[in-house]
Amino acid sequence: MAERSFKREVVKLTAGEGEVFTGEGILAVTKALLQSGVAYVGGYQGSPISHLMDVFADANDLLCDLGVHFEASASEATAAAMLAASVNYPLRGAVAWKSVVGTNVASDALSNVASGGVTGGALIIVGEDYGEGSSIMQERTHAFAMKSQMWLIDPRPNLPSIVDSVEQAFRLSEASNTPVMLQLRVRSCHMTGSFVAKDNRRPPLTVGEAAAAPVRDTDRIVLPPANFLHEVEKIEQRWPAGVAYVRDNRLNEWFGPAQSEAGIGIIVQGGLYNNLNRAMELLGLADAYGAAQLPIYCLNVTYPLIPDEVAAFCAGKRTVLVVEEGQPEFIEHELNTLVRRAGLDTRILGKDMLPRSGEYTADVIRKGLSRFLADQAPALAPAPDALDPLPARVAQEIPQRPAGFCTGCPERPIFTAMKLVERDLGPTHVSADIGCHLFSILPPFNIGNTTMGYGLGAAGASAFKPKDGEGGKRSIAIMGDGGFWHNGLTSGIGNAVFNKDDTVTMIIDNGYSAATGGQDILSSRADNASRETRNPITKAVRGVGAKWVRETTRTYDLARMTSLLREALTTPEKGPKVIVAQSECMLNKQRREKKVTAAALKAGKRVVRERFGVDSDTCTGDHSCIRLSGCPSLTIKPNPDPLRQDPVAHVENSCVGCGLCGEVSHAAVLCPSFYRAKIVANPGRLERLKARIGGAIIASRQLAAERGRAARAF
Amino acid sequence: MSVATQDRLTIAVLALGGQGGGVLADWIQDVARAEGWLAQGTSVPGVAQRTGSTVYYVELARPDGSGRVPVFAQMPMPGDVDVVIASELMEAGRALLRGFSTAARTTLIGSTHRIYAIGEKQVMGDGRGNSDKIIEAAHKRSRRFVGFDMDAATERSCSVISAVMFGALAGSGALPFRVETFRQAIEQGGIAVQSNLRGFQDGFEQAQGPVAMPDAPVHAAPEPTTDRGRVLAARITRTLPNAARTNALHGVAKLMDYQDADYAALYLDRLEACAALDVAPYAVTAEAARHLALWMAYEDTIRVADLKIRGSRFARVRGEIKAQPDQVVSIVEFMHPRLQEVCETLPAGIGRRILASQGLSNLLGRFFRAGRHVETTSLRWFLVLHVVASMRILRRRSLRYAEEQARIEHWLDLVRAELRRDGEAALELVKCQRLIKGYGDTFERGLANYERIVAEHGRAARSAGEIRRLRDLALSDDTSTALMQAMAR
């Protein structure tokens, strides 16, 4: 079960002609797909479009009724390859993933589908994880659109525009036999808004019907001579067709006057239009409704550019500012070419006015635009900002707050174990992976040397083959269950077996693709009506020939965790050592169990709750426990002792009683301050009696001791 | 421009992943739409949702009747935010840092409680950021600052902090909407309606009051309750400078509880020896009163057992874990007395002999290797700990006692010697006791660092500044690396 359920929202997807749909961007996109008569949908989760996959999953019944096939693909490559269904058949298909990383994974299939071209509309929805909150390298999907010749749509960020561009994308794709990418920026995926719905459309042809009546055209396959034919087709047929469709259907937009006195204009990526308008509004150059005083050419289609439109816009303008986020500045480069070819001497300014790197927030654009105006139209330029930053003496008090392992996370003890083992065996090279476990590189663990991509933890360690005489130190590779099934089984384990690696691979099996929102995967222990789960990782690992395979089903068992690690690092046995560390993602576990417990309590049943605590009068405030855990619920508070000054450790009520604190204080011989409290609600009669008798005796001794203390007290 | 006449309102919510900032943002939009306004919300999904700081942004617009939809921005713009809601004090600070809250415009609604960041928590001493500076800046850099302990409000109302923030927003009057509409948004949400409304109400009321910080522990000087206590209290007033008295009173109370009145008297003897050499403002004596008491009340097995089985402790635990009267509670301790600690509790002679003999150590050692789960609330373990605690009367004969007193005397000798030479340095030496804390490895590390610094000072007298620097270095990492490097130079 995914972290967020859309069961309530997906009802909106049934909205019919004329109804006003209000909701999030991802739901709007889903609705638009259904309105476009999409025949099949696939993809791989990852922020910012994880929830798009969750919506599809939760809307599965609706999709079935409409005859739409939905698949939670094994990887972005799988999803992209799915688009093959649109090559021979007039089937509209859509796939979605996090970009740029997902596009990297998908690029082999994308190149193939783009080369052969498509008959049915093929739409690739990329969640562009760029700027604030991004967890990946800052690159542009734009490059992939260019190299494989796929069209790139970057709509203005409002639901009507986004919905419209989904529908247009399919038509554009079909008109030009070219796959189309729809770029959804981070903040657009969960942006709320409204649009007027249309009826959902059953696909005119379903995937089943297509498979029943196969059509073959070997010219669509990338193999000589067809591959050379494809290149020619791209240039001579698909490109002009694409350009024509964009131009004739006016997918790009124009705002403001045709010309300004200052002889300047602005070209902007559709996705940045709202920020630009806000910047202009604050500079007094536009109103809240987008009535601009400068000519604006808004590129809802950022690839390809439309030469006639560019020429027409630039004609009669001295200078044009191009607002293009990210780098390299492909659009700026091409604009310069187009302007030259059109024989215009319009000057194109972009990165020399706006920053080369980073997100183009409204504020960044305001500053860049001010600079541009000061340079090109001083009359319109605003007075320079009166800067008033927060003084450093205050700013330095505000701590960084990076993401981290959740309360009770089962991955935490694994890194605690690594830290403890490191104390005896010394530091090792650790090849990290993508997933929650990558938080290990942050305080308090600071464990990890590199991460080379999703599922590539083991592969990232493959160069390290300890030889005798070189210290023979084994390196450790981390891999999550998500990454394992994404590609790690072959790229990591298979490779390690085949090449006789001697590395230790720690596979963290928390039962879900947790970092992306707790989606089910092959090895999930949860029952899933529409998917095949419960396929153990150990079985797969042994299947590709790994011999030294160990499993622990309770990562919180620090003693076992450390001994497994120590054994793996020191055993004379050659070949890859694989440890599968299992414990359910605490977010999912809590979500499931909270309901059950609440119900049981209501029903007056016996419920046992465990949580940890720290005795502040024995805690001396060294915080070793925190350095070995980092659990959000294990924090500090002012020292209640009037003489002590350092804050004491403190466990908040958010504690879920995972047990790590106790295990740590044992394993690391820390301090006796930790206690585990077992709270029994609605205890049985016998239990109550036992507690009462024992309690009474203890209480009497305590009373006596108390008198003694009082007698000798101050 | 006053809120009443504004056509657009911009609201930034700064929260930590998992605090329900998204729910709050949705509620705000529901209110606006119900009041006939247009609303857009944006957020940044992704890893920030895993306990990191994250920003939710809401824009509200009053329709102009034309049916047109304005162009909404997707993120807060410095200087252009009407309301900032922060779920924690440093997040409010972050809003100031990012320029979201401005004196000209912004109603800043922030909790004054702290959720400490890992960078603050993991520090070996005290790494907490300074809240007062943030509060001061919050007043300066907002048109109005509504601040109170939202965590306490959440606890009080058994609700969630998002509901409290929502209530505070309604209570602040920063939005031109009826309070009833706010309540309806919660009701229509249909989830945990009752508790959410409780939280809302609490937040609403708190927003009417002045800025309030979380309750901090107050330490009134203890009043004597026994004859011996009164005698010692009188002695403190007689023999110790004013500056040292409060600490000394606390110290005497602590040590009488720890051991007995004679031990407390010994404490005062030692303290008076310091005071005799000290001069106004008697900073050394004041700090010595603190650190000497802490050192003399070193945490040995006896002390730990004593503290663990007290009735007051049982009560405190029940309170901390929010156990209901009808619920059965059992408490398990994680203890790992190593042979070392056990021998230290034994009479010095025996303890030394065992530790000295490799054979004996190995033989007995195996009983004290694994950590123990000690269920203090079970009769059996309670009585065991009770016996250990009652060894208090034998403490003076214990090995640990001998060792600690020797160390203390040596430390006091240094301090007294230094007092004759350089009062500043003496003060820093006194404060070095702070390094000695914890149990097992932690204790040994701290003690080692203390002894390194003292030895360094012994070789060639170090200035106050140098001693302070070394002490800070000792607290900068738990491998003593920084300290050793500094001393190697």
Side-chain angles (χ1 to χ4, degrees), chain A residues 47-48 132-133 135 187 190-193 274 277-278 288-290 361-363 390 394-395 397-399 401 403-404 443-444 611 613 617-618 620 622 624 626-627 630 632 635-636 638 640 642-643 646 662 665-666 669 671-672 674-681 683 691 694 698 702 712-714, chain B residues 41-48 50-53 68 70-71 73-75 77-78 90 93 96-97 116-122 125-126 129-130 133 137 217 219 229 250 253 256 260 290 294 304 307 311 320-321 323 327-336 371 379 382 437-440 442:
Chain A
S47 90
E132 182 178 337
S135 56
R187 286 182 177 77
H190 292 273
M191 180 183 68
T192 58
N274 286 30
N277 189 76
R278 179 57 50 86
Y289 292 86
T361 63
D363 196 44
L390 192 65
V394 182
E397 300 296 331
I398 301 167
R401 212 186 291 271
R611 63 154 284 185
D617 47 12
T618 51
T620 55
D622 169 74
S624 308
I626 289 169
R627 290 191 294 277
T635 180
I636 50 176
L643 294 174
D646 293 333
S665 54
H666 264 181
V669 194
C671 86
F674 276 100
Y675 65 80
R676 182 180 68 227
K678 193 170 119 194
I679 306 111
V680 184
I698 289 177
Q702 286 174 330
R712 69 159 200 270
F714 178 70
Chain B
T42 59
S43 62
V44 177
V47 290
R50 300 275 180 262
T51 75
S53 333
R68 297 181 303 169
V71 180
Q74 291 189 290
M75 62 201 80
M77 178 132 160
M90 286 299 167
L96 305 174
L97 188 62
Y116 297 105
I118 185 64
E120 301 176 281
K121 295 196 288 185
Q122 68 177 359
D126 185 356
N130 180 322
K133 290 186 190 172
H219 304 295
H250 283 300
M256 289 177 85
D260 52 32
R290 171 199 312 282
L294 290 174
V304 171
L307 291 170
E320 265 184 17
I321 62 178
Q327 297 178 330
V328 172
V329 171
S330 56
I331 305 169
V332 172
E333 324 288 348
F334 295 83
M335 294 182 164
H336 27 67
L379 200 48
F382 176 85
K437 53 180 171 182
Y439 308 76
T442 313

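Letters A, B, ... mirror the listed sequences (proteins, then strands); counts begin at 1.
- Side-chain N or O atoms of A:R401 include none that pairs as donor or acceptor with a backbone N or O of B:G52 at under 3.5 Å.
- Looking only at heavy-atom pairs under 4.5 Å with chain A, the residue among B:G440, B:P70, B:A253 that has the most is B:P70.
- Both the backbone and the side chain of A:D617 come within less than 4.5 Å of a heavy atom of chain B.
- Heavy atoms closer than 4.5 Å to chain A are found in the side chain of B:I118, but not in its backbone.
- Within the 4.5 angstrom heavy-atom criterion, only side-chain atoms of A:S624, from C-beta onward, approach chain B.
- Most heavy-atom pairs under 4.5 Å with chain B, from the set A:P683, A:A681, A:A677, A:G662: that is A:G662.
- A:R627 places a side-chain N or O within donor-acceptor distance of the main-chain N or O of B:Q122, the cut-off being under 3.5 Å.
- Taken from CG in B:D126 to CD1 in A:I636, the straight-line distance is 6.5 Å, to the nearest 0.5 Å.
- With contacts defined as side-chain heavy-atom distances shorter than 4.5 Å, the pair A:P672/B:E333 does not qualify.
- When all heavy atoms of B:G93 and A:L390 are compared, the closest pair comes out as O-CD2, 4.2 Å.
- Contact of the B:Y116 side chain with the A:I626 side chain is not registered, since no non-hydrogen atoms from C-beta on lie closer than 4.5 Å.
- Shortest non-hydrogen contact noted between B:M256 and A:F714 is SD-CA, 3.5 Å.
- Side chain of A:T618 to main chain of B:V304: no donor-acceptor pair is present (N/O by atom type, distance under 3.5 Å, no hydrogens or angles).
- Proximity of a side-chain donor or acceptor of A:E397 to a complementary backbone N or O of B:N130 within less than 3.5 Å is detected.
- Nearest heavy atom pair, residue B:F334 against residue A:Y675, reads CE1-C, 4.2 Å.
- Of the atoms belonging to A:P640, it is backbone heavy atoms, and not side-chain ones, that fall under 4.5 Å from chain B.
- If you measure heavy-atom distances from B:S330 to chain A, the contacts under 4.5 Å come from both the backbone and the side chain.
- Heavy-atom pairs under 4.5 Å with chain B peak, among A:M191, A:H666, A:Q702, A:E132, at A:H666.
- Both the backbone and the side chain of B:M90 come within contact range of chain A, with heavy atoms under 4.5 Å apart.
- Contacts between B:A73 and chain A at a heavy-atom distance below 4.5 Å involve backbone atoms as well as side-chain atoms.
- Annotation: maximal heavy-atom pairing with chain B below 4.5 Å, among A:N274, A:V680, A:L643, A:T635, occurs at A:L643.
- The candidate from B:K121, B:Q327, B:H250, B:M335 with the greatest count of non-hydrogen atom pairs under 4.5 Å with chain A is B:K121.
- For the set B:G129, B:A137, B:G125, the entry with the most heavy-atom pairs within less than 4.5 Å of chain A is B:G125.
- The backbone N or O of B:V44 lies less than 3.5 Å from no partner atom in the side chain of A:R187, so there is not a single donor-acceptor pair.
- If you measure heavy-atom distances from A:A691 to chain B, the contacts under 4.5 Å come from the side chain alone.
- The backbone N or O of A:S665 sits less than 3.5 Å from a side-chain atom of B:H336, completing a donor-acceptor pair.
- Only the side chain of A:R611 comes within less than 4.5 Å of a heavy atom in chain B; its backbone stays farther off.
- Among the candidates A:G193, A:P443, A:G694, the residue making the largest number of heavy-atom pairs closer than 4.5 Å to chain B is A:P443.
- Note: A:R278 leads A:R278, A:H190, A:K678 in heavy-atom pairs under 4.5 Å with chain B.
- When side chains are defined from C-beta on, B:L97 does not count as touching A:V394, because their heavy atoms never get closer than 4.5 Å.
- Across every non-hydrogen atom of A:T192 and B:G41, the tightest pair is OG1-N, 2.7 Å.
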